[in-house]
Amino acid sequence: MTTITHKRGDTFELSSTIENAGVGVDITSWTISSQARDEADAILQTFTVTKTDAANGAFTVSATAAQTELWPIGSYQMDIEFIEAGGEVNSTETFTLSVLRDITRD
């Protein structure tokens, strides 16, 4: 399982592209959502998803520094869900979001 490490209080941004055989897939009409949850299934964060180049499958999953400042230190499970225009639902592999203490802060 893949692990993404993030320091609490920093802006979170995960950029990705959906491709089929190396070609970007048009995600213009898709709904994309993402959440991170703890072991008890409580939501840590519902992320903002922005289509940055929908025609070529590019999007970003993000949370502001103010939002991540509230994240408890620990490990969380996360995925990204895609709902296509015809209603087909697919999710990424589940991955781990490891939240670390921020050393330098105001």
Side-chain angles (χ1 to χ4, degrees):
M1 184 180 308
T2 300
T3 299
I4 295 174
T5 302
H6 185 78
K7 286 199 173 186
R8 181 173 63 183
D10 289 357
T11 301
F12 180 87
E13 188 170 282
L14 177 63
S15 297
S16 190
T17 302
I18 302 295
E19 295 180 343
N20 185 4
V23 177
V25 174
D26 187 349
I27 58 172
T28 302
S29 61
W30 292 20
T31 299
I32 305 172
S33 55
S34 181
Q35 294 179 329
R37 293 177 180 261
D38 66 16
E39 289 183 11
D41 205 33
I43 295 173
L44 169 73
Q45 182 72 49
T46 297
F47 295 94
T48 299
V49 178
T50 305
K51 296 174 190 173
T52 55
D53 184 359
N56 292 301
F59 66 96
T60 301
V61 175
S62 63
T64 66
Q67 290 171 316
T68 73
E69 181 67 37
L70 303 174
W71 292 358
I73 294 167
S75 292
Y76 303 88
Q77 301 301 300
M78 182 176 171
D79 69 4
I80 304 168
E81 182 180 79
F82 308 94
I83 303 175
E84 297 180 35
E88 183 175 331
V89 179
N90 292 290
S91 295
T92 63
E93 176 182 322
T94 299
F95 51 97
T96 301
L97 173 62
S98 178
V99 178
L100 304 175
R101 177 174 58 109
D102 194 19
I103 304 304
T104 304
R105 53 193 180 273
D106 294 330

**Item:** Reported CG-to-OG1 distance for the pair Asp79 and Thr94, which is rounded to 0.5 angstrom
**Value:** 5.0 Å
**Asked** Nearest 0.5 Å, what's the CG-CH2 distance between Leu44 and Trp71?
**Response** 5.5 Å
**Message:** Working note: Glu13 + Ser62, criterion side chain to side chain donor-acceptor pair (under 3.5 Å); need CA distance, chi angles, decisive distance, verdict.
**Reply:** CA-CA 4 Å; Glu13 188 170 282; Ser62 63; 5.6 Å; no
**Asked** Could you state the interatomic distance from CE (Met78) to CG (Leu14), rounded to the nearest 0.5 Å?
**Response** 5.5 Å
**Request:** State which residue, out of Ile83, Asn90, Ile18, fulfils the side chain to side chain contact (heavy atoms under 4.5 Å, CB included) condition with Trp30.
**Result:** Ile18
**Request:** Please tell me if the side chains of Val89 and Glu81 come closer than 4.5 Å, counting only heavy atoms from C-beta onward.
**Result:** yes
**Prompt:** Looking only at heavy atoms, which two atoms of Ala58 and Ile27 are closest? And how far apart?
**Reply:** O-CD1, 3.9 Å
**Message:** Please report the interatomic distance CG(Asp102) to CD1(Ile73), rounded to the nearest 0.5 Å.
**Reply:** 9.5 Å
**Prompt:** Looking at Thr50, Asp53, Val49, which one forms a side chain to side chain contact (heavy atoms under 4.5 Å, CB included) with Phe59?
**Reply:** Val49
**Short side-chain to backbone donor-acceptor contact, Asp38 and Ala40, under 3.5 Å** = yes
**Prompt:** Mind checking whether Ile103 and Lys7 have side chains closer than 4.5 Å, heavy atoms only?
**Reply:** yes
**Item:** Minimum heavy-atom distance Thr3-Ser98, with the two atoms named
**Value:** CG2-CB, 4.0 Å
**Request:** May I ask you to list the residues sharing a hydrophobic cluster with Leu100, side-chain cutoff 4.5 Å, ordered by chain and number?
**Result:** none
**Request:** Say whether, by atom type as modelled, one donor and one acceptor occur between the side chain of Thr11 and the main chain of Thr64 under 3.5 angstrom.
**Result:** no
**Prompt:** Which ILVMFWY residues are connected to Val23, directly or by a chain of links, through side-chain heavy atoms under 4.5 Å apart?
**Reply:** none
**Complete:** Here the pair of heavy atoms bringing Glu69 nearest to Arg8 is O-CD, 3.4 Å
**Asked** What pair of heavy atoms forms the shortest contact from Thr96 to Ser75, and how long is it?
**Response** CG2-CB, 4.1 Å
**Request:** Mind telling me whether Phe12 and His6 have parallel, tilted or perpendicular rings, with 30° and 60° as the class edges?
**Result:** perpendicular
**Asked** Counting N and O atoms only, with roles assigned by atom type, does the side chain of Thr68 sit under 3.5 Å from a partner on the main chain of Asp10, one being a donor and the other an acceptor?
**Response** yes
**Request:** Answer whether the closest heavy-atom distance between the side chains of Ile80 and Ile32 falls below 4.5 Å.
**Result:** yes
**Asked** Roughly how far, to the nearest 0.5 Å, is the OG atom of Ser33 from the CZ atom of Phe47?
**Response** 11.5 Å
**Item:** Gap separating the CD1 atom of Ile43 from the CZ atom of Arg37, nearest 0.5 angstrom
**Value:** 4.0 Å
